Asks: 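Sending over a structure as structure tokens; questions will come in a sec.
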Amino acid sequence: MSPQITIGLALVLFFIGAFGVLFRKSAIFTLMCLEIMLNSANLALIGAFTAWGSPIAQAAVALVMAVAAAEVALGLALVVIMARHGDVTLDAFTSLSGHEEE
């Protein structure tokens, strides 16, 4: 597969993920869309490094995968905390600070 097709596919996936993050209210759906965006960045790195013939591609892709794993762990921890309170919408995340609105 040519690098232009790979980077084009990564661009399409990134915009799908960005659309989901901007226009959805569910925290779980937003987390999934953020993962799509990170995976599209990973795909773009693979396509670019394949075109350049750089040997550092594997290290860069491993770094992006580590960041994605950390993001999933933190995001799921927040979603579990909010599920215990009964509301998993993004608007409910303002109450995590402990300050209740009067």
Side-chain angles (χ1 to χ4, degrees):
M1 187 182 302
S2 70
Q4 291 85 8
I5 293 173
T6 305
I7 293 175
L9 178 63
L11 188 65
V12 169
L13 284 174
F14 185 84
F15 283 127
I16 289 171
F19 179 79
V21 167
L22 292 174
F23 295 110
R24 299 293 268 196
K25 294 284 186 186
S26 171
I28 295 173
F29 192 84
T30 303
L31 189 64
M32 288 176 14
C33 288
L34 283 173
E35 282 303 308
I36 289 174
M37 291 171 68
L38 280 172
N39 285 331
S40 72
N42 205 8
L43 185 62
L45 276 175
I46 291 171
F49 285 134
T50 301
W52 295 330
S54 176
I56 199 164
Q58 292 176 352
V61 169
L63 178 67
V64 171
M65 290 174 73
V67 169
E71 182 258 335
V72 165
L74 289 174
L76 285 177
L78 285 172
V79 168
V80 166
I81 289 171
M82 292 309 295
R84 288 183 183 169
H85 291 297
D87 194 8
V88 192
T89 61
L90 291 179
D91 295 332
F93 278 80
T94 58
S95 66
L96 285 177
S97 64
H99 303 292
E100 295 296 325
E101 294 182 14
E102 298 178 25

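Along the sequence shown, residues are numbered consecutively beginning with 1. This is a predicted model, so every value here is computed, not measured. Values below: all heavy atoms of this structure, side chains included; hydrogens, waters and symmetry mates excluded.
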Asks: For a quick test of reading the model, state the closest non-hydrogen atom pair linking F29 to G20 and the distance between them.
Replies: CE2-CA, 4.1 Å
Asks: With a 3.5 Å distance limit and no angle check, can you tell me whether N39 reaches the backbone of E35 through a side-chain donor-acceptor pair?
Replies: yes
Asks: What's the spacing between C33 SG and L38 CG if we round to 0.5 Å?
Replies: 11.5 Å
Asks: Could you grab the distance from atom CG of L76 to atom CD of E71, nearest 0.5 Å is fine?
Replies: 8.5 Å
Asks: Who else is in the cluster with F23 when I, L, V, M, F, W and Y are joined by side-chain contacts under 4.5 Å?
Replies: F19, L22
Asks: Supply the atom-to-atom distance I46 CD1 to I7 CD1, rounded to the nearest 0.5 angstrom.
Replies: 11.0 Å
Asks: Apply the hydrophobic cluster definition, ILVMFWY joined by side-chain contacts under 4.5 Å directly or through others, and give me every member besides I36.
Replies: L9, L13, L43
